[in-house]
Trainee: 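If you scroll down you'll find the structure; I have some questions about it.
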Amino acid sequence: MNPILDRLNDKQKEAVLKTEGPLLILAGAGSGKTRVITNRIAYMIQEKGVDPGQILAITFTNKAASEMRERQEQMLGQALRGAWICTFHSCCVRILRMHADKLGYDSNFTIYDADDQKTVIKNICKKLDIDTKKFKEKWFLGQISSAKDELVSVDKFELNASGDYYLEKVAKVYREYQQELMRSNAFDFDDLIVKTVELFRQYPDVLDMYQERFRYISVDEYQDTNTAQFVFVSLLAKKYKNICVVGDDDQSIYKFRGANIGNILNFEKVFPNATVIRLEQNYRSTKTILDAANAVISHNVNRKAKTLWTDAEAGEKIRLFFVDNPYVEADRVIAVIRKYVHDGYPLNSCACLYRTNAQSRALEEAFIRANIPYKIVGGVNFYQRKEIKDVLAYLKTIDNGRDDVAVKRIINVPKRNIGASTINLVDAFAGERGISFYSALDTGLVEGVFGKAGEKLRPFRDLIESLRKSASEISLKELIEETLDKSGYLKDLQAEQTPESEARIENIEELINKASAYEDSFREPSSGAGTDGGSDITDSGSVEDVFVMVQESPSLSGFLEEVSLIADIDSWDGSEDYVSLITIHSAKGLEFDNVFLCGMEDGLFPSNFAICSEDESDLEEERRLAYVGITRAKKHLVLTASKTRMVRGETMVSALSRFVREIPPLILENDRDNVYLRERPQESSMGSHSKPKVVLGEKPFALQSADHKKQFEVKNQAGLDYGVGDRVSHIKFGEGVVIAIDEGGRDYEVTVDFEDFGIKKMFAAFARLEKL
DNA sequence: CCTACTACGCTTTTT
DNA sequence: GCGTAGTAGG
């Protein structure tokens, strides 16, 4: 028997064997779709003799891409040479880098994030004399982004807008915005797709080249694609029609950013002879969990009817805690996690999922207090921190002097006495000559048009020029260090001497580490950060020369690109032992033995926005989100909700989420019947829970750190050097007496009576108790 | 040109 | 309830 086809069910096998022609796989949650895609590609290479260089596999996140590559290589027992396994965005960047000149860009273009975009819009509003109190920058950006999702060009937008006062205004801003981006040699996220489609449409020979190259295409999470992405894929697949898309309409949760469920229906229109295969057997969850998921999702009217089924056992009932406030809620979560650990589950089998990032705060404080290692995935992105953005702005300026946003960000950081008036002077000159801000600065200095202000600008120009010179001679790591040194940025931070400044320095060091890692990734092929593995060079002969130029050596542009395409979820590592705190959106594609769905309240989940919306489908999207959350769980599902919650400084009172009420009561277990929790009075809502900040006595320390896990790096001890009755000392709670030690599945649970904090229960491995 | 204070807006989700 | 952005005063 062929190992690739082994252990697949009939439907899965059918999908793997169908390598030619258009194929739509409707794969329910946990039905083994990743396995099908992976095995299908392996089968093509091993059994059908397809050249890996002809394969393009598109995923949604870098993490999914590197996972797929890893599995693939494991299965084939060798490096996967020449295949592109990447996200939509990184795929398009690679294509654009090679043909940027055709669109009027340089190949070292930069990518603007949301902040950069906002800055550009703000400047445009100033220029067009638009009152940003009446028209928000974010509103313009939203309009422009939706237009791009639907491939509506500036011209088309303007045409549609005629007669409508508001839309005409947007059209004007849209036009200016695109001009500004081009002047800055920058693309925004949406542009990466849109401009690639533009390239394909304007240059049929370029498109043809890629059609020839990518004869076998597959797309994961197909339900999340927007129109632009759909067109991009359709164009590529038009010639050979070997395209496989995998999706689940019930897991479509990105409508708000343009995902078009219609793409699933359109697929059969654009590719008329498409084979459709349904995967409905679930291999992930217990029957109880699956029943709950099916019950909830069945309330959606607008969906392709399908029912997941399983051979698995019923398993335990779903637990529900509906408590008074978020602190108690968090403590219930902690108590149940303790039980699971006691039963032998590792911490990384547990995940707390929530609707909004704001909810992570109360949970985080509880985890700190309980001394349980955790990690918040997402939230404030590492690359959005001030100091990181500053350093990156320096690098962008060095790499691409046309990036006006970057130049203006750091021209006066650290202070060089260059203020608004000086910047306006340079801006005016740039406008006059029609050149970028930095080249205006440079030529203006040469021609001496800035007068006295020039004396402040010159040192900045000289700094950038000297760094540019270094850039070609030294490593990336050294370049960052030299930038920090010569600009005086590091010196300023070091002089500050505050906890914040120290955290910033740490973050910058982390960035330097990442730069080193990036450079190292080129030494061993295919161990890169997951986007590509950089091994296109190897497949000579069958491939055009132009593909050879991709990613063969580390470059400043390459590093900046990788950094700007990183998502929060990419840093998640399932193998490390900590509890994950994560939004349901980010958790899509992950699975855990034990899942806690927190904040199950009407108004929060489903959000008020969805409840109040005229459009029924907004509520259905929330319900799909609930479905995604529930189906992350393999063994245990715990639902928690709080009667009260602070929202925007005000306490809101909420009812239990309607999604919980959609679960059959028979498979729900309410916490009132829960004996385990009642046995532990110190874990109840009394005492310490009402005022957690007082108990902490300090700002939660982990809030400041980039890597929360760091705080808990303690190995499992073989034995304990203290026993019942001994005096011990704890890093936060001070001194106390051990009153009990229980043996759990993987660890000892130690109960200590602290002098200042009372009785606490903790795990020996994490508590770092020292015998006195 | 820099600092300190105030006001406002935010909380739905992200490549 | 917090963080950012804009303004006024030095």
Side-chain angles (χ1 to χ4, degrees), chain A residues 58-65 86-93 111-115 117-119 122 126 132-133 136-139 141-142 145 148-149 187-194 221 224-226 228-229 252-259 353-361 377-381 383-384 386 412 414-424 453 456 531 561-570 582-588 599 603-613 618-619 621-622 624-626 628-629 645-652 693 699 703:
Chain A
I58 297 176
T59 62
F60 223 61
T61 63
N62 294 308
K63 187 183 154 290
C86 50
T87 65
F88 271 107
H89 295 269
S90 61
C91 172
C92 287
V93 168
I111 300 163
Y112 275 4
D113 68 9
D115 282 344
Q117 290 177 289
K118 208 177 156 197
T119 311
K122 200 187 284 168
K126 219 176 274 168
T132 50
K133 284 210 173 97
K136 301 272 145 47
E137 293 98 331
K138 257 183 114 177
W139 181 73
L141 275 174
S145 178
K148 288 181 177 179
D149 286 343
F187 293 111
D188 64 22
F189 279 120
D190 302 315
D191 275 345
L192 297 177
I193 318 288
V194 172
E221 306 284 13
D224 290 330
T225 53
N226 61 30
Q229 289 162 337
S252 162
I253 53 174
Y254 285 109
K255 204 182 83 183
F256 70 92
R257 74 172 184 209
L353 274 47
Y354 38 77
R355 180 66 235 269
T356 68
N357 276 308
Q359 290 167 253
S360 65
R361 205 64 159 247
V377 183
V380 199
N381 192 314
Y383 292 99
Q384 283 172 321
K386 252 195 216 75
N412 199 31
K415 301 264 169 338
R416 299 188 180 89
N417 289 332
I418 301 171
S421 54
T422 313
I423 287 173
N424 283 338
K456 289 182 286 188
T531 46
E561 165 193 321
E562 191 165 302
V563 153
S564 47
L565 293 178
I566 281 176
D568 295 329
I569 186 66
D570 295 334
I582 188 169
T583 64
I584 305 173
H585 278 92
S586 298
K588 196 177 69 161
L604 183 66
F605 190 26
S607 69
N608 251 326
F609 181 88
I611 293 172
C612 301
S613 169
D618 284 329
L619 194 64
E621 173 137 327
E622 293 278 306
R624 289 193 294 272
L625 195 55
V628 169
R645 194 176 290 275
M646 286 282 247
V647 181
R648 282 181 260 176
E650 266 183 301
T651 304
M652 305 289 294
K693 296 243 159 137
K699 201 174 165 197
L703 291 177

Trainee: Just the rounded figure in Å: distance from P of C:dA5 to NZ of A:K126.
Mentor: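 Going from A:K126 (NZ) to C:dA5 (P), I get 12 Å.
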
Trainee: Using a 3.5 Å distance criterion without hydrogens, assess whether the side chain of A:S564 forms a donor-acceptor pair with backbone atoms of A:E561.
Mentor: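 Yes, the answer is positive, given that a donor and an acceptor are paired below the 3.5 Å cut-off.
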
Trainee: Hey, does A:E621 reach any base, or is it just sugar-phosphate, or nothing, if we go heavy atoms under 4.0 Å?
Mentor: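 Result for A:E621 = nothing.
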
Trainee: Side chain of A:V647, heavy atoms from C-beta onward: which of B:dG9, B:dC1, B:dT11 has the nearest atom to it?
Mentor: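 Among the listed nucleotides, the one closest to the side chain of A:V647 is B:dT11.
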
Trainee: How would you label the contact of A:A420 with the nucleic acid (heavy atoms, under 4.0 Å): base, sugar-phosphate, or nothing?
Mentor: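 Result for A:A420 = sugar-phosphate.
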
Trainee: Below 4.0 angstrom from OP1 or OP2 of B:dT14, is there any side-chain N or O of A:T583?
Mentor: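 For B:dT14, OP1/OP2 do have a side-chain N/O of A:T583 under 4.0 Å.
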
Trainee: At less than 4.0 Å, is any side-chain N or O atom of A:T422 found next to OP1 or OP2 of B:dC1? Yes or no.
Mentor: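 The answer is yes; a side-chain N or O of A:T422 sits under 4.0 Å from OP1 or OP2.
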
Trainee: Has A:N62 got a side-chain N or O lying under 4.0 Å from the OP1 or OP2 atom of B:dT15?
Mentor: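 Result: no.
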
Trainee: Does the structure show A:F256 stacking with B:dT13, if we require the centres to be closer than 5.5 Å and the planes to be within less than 30 degrees of parallel?
Mentor: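 Taking the rule of under 5.5 Å and under 30°, the ring of A:F256 does stack on B:dT13.
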
Trainee: When you get a sec, tell me which of C:dG1, C:dG6, B:dT14 is the closest nucleotide to the side chain of A:K122?
Mentor: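 Per side-chain heavy atoms of A:K122, the pick is C:dG6.
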
Trainee: Please report the distance, rounded to the nearest Å, between OH in A:Y354 and C1' in B:dT12.
Mentor: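 The answer, rounded to whole Å, is 13 Å.
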
Trainee: Please determine if A:D149 and A:R257 form a salt bridge, counting it only when a charged side-chain N lies under 4.0 Å from a carboxylate O.
Mentor: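 A:R257 and A:D149: not salt-bridged.
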
Trainee: Of the options B:dT15, C:dG1, B:dT3, whose atoms approach the side-chain atoms of A:K415 most closely?
Mentor: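 Among the listed nucleotides, the one closest to the side chain of A:K415 is B:dT3.
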
Trainee: Relative to the ring of A:Y254, is the ring of A:H585 parallel (under 30°), tilted (30 to 60°) or perpendicular (over 60°)?
Mentor: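 Aromatic pair A:H585/A:Y254 classed tilted.
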
Trainee: OP1 or OP2 of B:dT11 versus the side-chain N and O atoms of A:K138: is any pair under 4.0 Å?
Mentor: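 Result: yes.
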
Trainee: Determine whether a donor-acceptor pair (N or O, by modelled atom type, separation under 3.5 Å) exists between the side chain of A:N412 and the backbone of A:I418.
Mentor: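 Here the side-chain-to-backbone pair exists.
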
Trainee: Starting at the 5' end of DNA chain B and moving along, which residue's nearest nucleotide shows up first, A:G419 or A:T356?
Mentor: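 Nearest-nucleotide comparison on DNA chain B picks A:G419.
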
Trainee: For A:K456 and B:dC2, give me the distance from atom NZ to atom P, rounded to whole Å.
Mentor: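 Value for this atom pair: 8 Å.
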
Trainee: Expressed as a whole number of Å, how far does the C1' atom of B:dT11 sit from that of C:dG6?
Mentor: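 One C1' to the other, the span is 23 Å.
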
Trainee: Excluding sequence neighbours, so at least two apart, what forms ring-ring contact (aromatic ring centres under 6.0 Å, His included) with A:F189?
Mentor: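 With sequence neighbours excluded, A:F189 shows a ring-ring contact (aromatic ring centres under 6.0 Å, His included) to A:H89, given in chain and number order.
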
Trainee: Just how far, in rounded Å, is P of B:dT15 from OH of A:Y254?
Mentor: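 Spelled out: OH on A:Y254 to P on B:dT15 is 7 Å.
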
Trainee: If you compare every side-chain N and O of A:S586 against the phosphate oxygens of B:dT14 (OP1, OP2), does one of them come in below 4.0 Å?
Mentor: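 True: A:S586 side-chain N/O within range (under 4.0 Å) of B:dT14 OP1/OP2.
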
Trainee: For A:I418 and B:dC1, give me the distance from atom CD1 to atom P, rounded to whole Å.
Mentor: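 One finds 9 Å between P of B:dC1 and CD1 of A:I418, rounded.
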
Trainee: Could you state the atom-to-atom distance from CD1 of A:I611 to C1' of B:dT12 in whole Å?
Mentor: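 A:I611 atom CD1 is separated from B:dT12 atom C1' by 12 Å.
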
Trainee: DNA chain B: A:A358 or A:N412, which has the more 5' nearest nucleotide?
Mentor: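 Result: A:N412.
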
Trainee: Nearest whole Å is fine: how far is B:dC10 C1' from A:R361 CZ?
Mentor: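 From A:R361 CZ to B:dC10 C1': 14 Å.
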
Trainee: Take the protein atom CD of A:E137 and the nucleotide atom C1' of B:dC8, then report the distance between them rounded to whole Å.
Mentor: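 About 13 Å, once rounded to whole Å.
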
Trainee: Please evaluate residues A:T356 and A:Q359 with respect to the criterion side chain to side chain contact (heavy atoms under 4.5 Å, CB included), reporting the C-alpha separation (whole Å), side-chain torsions for both, the decisive distance (0.1 Å), and the verdict.
Mentor: CA-CA 6 Å; A:T356 68; A:Q359 290 167 253; 3.1 Å; yes

Trainee: Indicate, with a heavy-atom threshold strictly under 4.0 Å, whether A:F605 touches base, sugar-phosphate, or nothing.
Mentor: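 Nothing, no nucleic acid heavy atom in range.
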
Trainee: Determine whether any donor atom in the side chain of A:R355 lies under 3.5 Å from an acceptor atom in the base of B:dT11, or the reverse, and answer yes or no.
Mentor: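 A donor-acceptor contact between them is absent.
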
